[in-house]
Amino acid sequence: FPYTTLFRSIKIKIKIKIKRKKLKETKKTKRKTNKERKIMITFAITTTTKLAGLALYEDDKVLGKIHIEVAKSHSTTILEQIECLLKWTGKKLTDIKNVVVSIGPGSFTGVRIAISVVKGIFFGRDDVTFYEVNELDALGYQAFFDICATCSNFLDKKIYALIDSRKEKVYFAAYKVFENKLELVEDYKVAKLDDVILEIKNQKFEKNEKNKEIEKEDKNKDKESREIKKNKEKNKNSEIYMIGDAVFNYREKIEENLEQSVHLFEEKNLKIDVATFVQMMISGKLEDKKTDIFNLRPNYLEKSQAERDKK
């Protein structure tokens, strides 16, 4: 009897030791796996409009984000904001491996600030991948991601991205949703807001005329053909959305002239969210926008006032 109890006690102790050993090995494996897996820290920045945006991500997880609207220039506060973002998230500049920066269009000074800051603080870093993003494209994708998340049928939707250039002059581009992807259908332009409104009005008029034609065809036939059904559905879904700080600033005028012809996002979603830059990078939309620190250049879309005055 004493021997049986002794053997049982020894067996229990051996089992406990084996379990502890396995637990230690599991912990070591986990630590090794975490070390082997490269954690990518991404920094995104825009100072293109009055709303400056900074974001820090660990892979696809947001660590911190700052949006500050300034009355004058971002130059006096942007470095302090970056310092605060790093301090609050417990990260260092040396941890950052991806940088996504807006190259405009927008404020001439604003666009230069973000690019200059990136060139200054990441100069000499061969381990950093740089991505340039056109802010109109970013606004287009911001609307696209929102539409995909909220609409069951998002095909044939048209998106107008507008950035305010003051005095009712805007930078704009138009995009369309095709088979779960966004395509630029009207290249980047500088125009008066009235011209953009007129363009949308004309499109709506053409759409209404098409609808009338479809209805006439429908009446002339006992049964709808597949083509008529397809055209009806396409016209029904071809809604127009508008996004950007110009839409925020001139919302009253846009609503007054276009009424129910367009969809405007909620005010909090109209201006650029710097998180969209990272979302574009993660989803592979910026693969062809990789660059190096020396080739980061502003995309103004037009000449500055000083350049125009020279002529």
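Just so you know, residue 1 is the first one in the sequence shown, and it goes up from there.
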Point to revise | From Ile45 atom CD1 to Ser102 atom OG, the distance as rounded to the nearest 0.5 Å | key: 9.5 Å

Practice item. Walk me through it: do Leu56 and Lys91 pass the test side chain to side chain contact (heavy atoms under 4.5 Å, CB included)? Key: CA-CA 9 Å; Leu56 206 60; Lys91 298 296 177 184; 3.9 Å; yes

Practice item. In sequence, state the C-alpha distance, the side-chain angles, and the governing distance for Lys176 and Glu186, and then conclude on salt bridge (charged side-chain N to carboxylate O under 4.0 Å, His left out). Key: CA-CA 9 Å; Lys176 208 162 188 181; Glu186 280 188 53; over 6 Å; no

Practice item. Examine distances only and state if a side-chain atom of Asp95 and a backbone atom of Lys92 form a donor-acceptor pair shorter than 3.5 Å. Key: yes

Exercise for review: Describe, in one word, how the ring planes of Phe144 and Tyr141 are oriented to each other, choosing from parallel (under 30°), tilted (30 to 60°) and perpendicular (over 60°).
Suggested key: perpendicular

Revision key, fill the gap. Distance col, row Leu136:CG vs Ile159:CD1, nearest 0.5 angstrom, shows 12.5 Å

Check your understanding: Would Leu264 and Val262 satisfy side chain to side chain contact (heavy atoms under 4.5 Å, CB included), going step by step from the backbone distance to the final call?
Key -> CA-CA 6 Å; Leu264 306 185; Val262 294; 3.9 Å; yes

Review point. Between the side chains of Tyr241 and Asp146, is a donor N or O closer than 3.5 angstrom to an acceptor N or O?
Key: no

Point to revise | Ring center gap for Tyr171 and Tyr188 short of 6.0 angstrom | key: no

Check your understanding: Can we say Glu302 and Lys169 salt-bridge, meaning some charged N sits less than 4.0 Å from an Asp/Glu carboxylate O?
Key -> yes

Check your understanding: Taking the side chain as C-beta and beyond, is there a heavy-atom pair between Val99 and Thr129 under 4.5 Å?
Key -> no

Point to revise | Val133 side chain near Val101 side chain, heavy-atom distance below 4.5 Å | key: no

Exercise for review: Is it possible for you to say whether Leu162 and Leu198 belong to one hydrophobic cluster, with membership spreading through side-chain heavy-atom contacts below 4.5 Å?
Suggested key: no

**Study point:** Single-linkage hydrophobic cluster Met281~Met40, side-chain heavy atoms < 4.5 angstrom
**Key:** no

Point to revise | Glu255 CD: over 12 foreign heavy atoms closer than 6.0 Å | key: yes

Review point. Do you see a donor-acceptor pair shorter than 3.5 Å between the side chains of Gln203 and Lys158?
Key: yes

Exercise for review: Please report the closest heavy-atom contact between Pro105 and Val111, naming both atoms and the distance.
Suggested key: C-CG2, 4.4 Å

Study note, to complete from the structure: Between Ile163 and Gly106, the two heavy atoms sitting closest are CG2-CA, 4.3 Å

Review point. Does the pair Lys253/Asp194 count as a salt bridge with the N-to-O cut at 4.0 Å?
Key: yes

Practice item. Please round to the nearest 0.5 Å and tell me the distance separating atom OG1 of Thr46 and atom CD1 of Ile272. Key: 7.0 Å

Check your understanding: Of all heavy-atom pairs between Ala44 and Val278, which one has the smallest distance, and what is that distance?
Key -> CB-CG2, 3.9 Å

Review point. Considering all heavy atoms of both residues, which atom of Asp273 and which atom of Gln142 are nearest to each other, and what is their separation?
Key: N-OE1, 2.8 Å

Check your understanding: Okay, side chain of Tyr250, backbone of Glu168: is any donor-acceptor separation there less than 3.5 Å?
Key -> yes

Check your understanding: Looking only at side chains, do Thr109 and Ser107 share a donor and an acceptor under 3.5 Å apart?
Key -> no

Practice item. Evaluate the side-chain hydrogen bond (donor to acceptor under 3.5 Å, both in side chains) criterion for residues Tyr175 and Asp137: first the C-alpha distance (whole Å), next the side-chain angles of each, then the deciding distance (0.1 Å), finally the verdict. Key: CA-CA 9 Å; Tyr175 308 82; Asp137 289 345; 2.7 Å; yes

Exercise for review: Mind telling me whether Tyr160 and Phe172 have parallel, tilted or perpendicular rings, with 30° and 60° as the class edges?
Suggested key: parallel

Practice item. For the residue pair Phe43 and Phe122, categorise the inter-ring angle as parallel (less than 30°), tilted (30 to 60°) or perpendicular (more than 60°). Key: tilted

Practice item. Calculate, to the nearest 0.5 Å, the distance between atoms CD1 and CG belonging to Ile103 and Asn134 respectively. Key: 6.0 Å

**Study point:** Minimum side-chain heavy-atom gap Phe277-Glu135 below 4.5 Å
**Key:** yes

Exercise for review: To the nearest 0.5 Å, tell me how far Met280 CE sits from Glu287 CD.
Suggested key: 12.0 Å

Point to revise | Residue pair Arg251 / Asn249, side-chain donor-acceptor N/O under 3.5 Å | key: no

Check your understanding: From Phe130 CZ over to Lys119 NZ, what is the distance, rounded to the nearest 0.5 angstrom?
Key -> 10.0 Å

Review point. Looking only at heavy atoms, what is the nearest atom pair of Arg125 and Ile96, with distance?
Key: NH2-O, 2.7 Å

Check your understanding: Should Val190 and Phe108 be regarded as members of a common hydrophobic cluster, given that ILVMFWY residues are connected when their side-chain heavy atoms come within less than 4.5 Å of each other, either directly or indirectly?
Key -> yes

**Study point:** pair Thr42-Lys97: side-chain heavy atoms closer than 4.5 Å
**Key:** no

Point to revise | Same apolar cluster: Val185 and Ile147, side chain cutoff 4.5 Å | key: no

Review point. Do Thr291 and Glu132 have side-chain N/O donor and acceptor atoms under 3.5 Å apart?
Key: no

Review point. Are any non-hydrogen side-chain atoms of Ile82 and Leu54 less than 4.5 angstrom apart?
Key: yes

Review point. Between Val118 and Ile115, is a side chain to side chain contact (heavy atoms under 4.5 Å, CB included) present by the stated rule, with each step listed?
Key: CA-CA 5 Å; Val118 165; Ile115 293 173; 5.9 Å; no

Check your understanding: Do the non-hydrogen side-chain atoms of Val247 and Ile254 ever get within less than 4.5 Å of each other?
Key -> yes

Exercise for review: Start with the C-alpha gap between Leu270 and Met242, add the side-chain angles, then the distance that decides, and say whether side chain to side chain contact (heavy atoms under 4.5 Å, CB included) holds.
Suggested key: CA-CA 8 Å; Leu270 277 175; Met242 296 181 79; over 6 Å; no

Point to revise | Basic-acidic side-chain contact under 4.0 Å: Lys50, Glu69 | key: no

Check your understanding: Going through the checks in order, is the salt bridge (charged side-chain N to carboxylate O under 4.0 Å, His left out) test met by Glu183 and Lys181?
Key -> CA-CA 7 Å; Glu183 288 186 14; Lys181 63 179 181 178; 3.7 Å; yes

Review point. Same hydrophobic cluster for Ile78 and Ile68, using side-chain heavy-atom links shorter than 4.5 Å among ILVMFWY?
Key: yes

**Study point:** Lys61 with Asp59: basic N within carboxylate O range, under 4.0 Å
**Key:** no

**Study point:** Charged tip of Lys289 within 45° of Tyr131 ring normal and under 6.0 Å
**Key:** no

Exercise for review: Give a yes or no on whether the backbone of Ala114 and the side-chain of Thr47 come within a donor-acceptor separation of less than 3.5 Å.
Suggested key: yes

Practice item. Check Leu301 against Lys189 and note the closest heavy-atom contact, atom names and distance. Key: CD1-O, 3.9 Å

Check your understanding: Just by modelled atom types, is the Phe248 backbone N or O under 3.5 Å from a matching donor or acceptor in the Asp245 side chain?
Key -> no

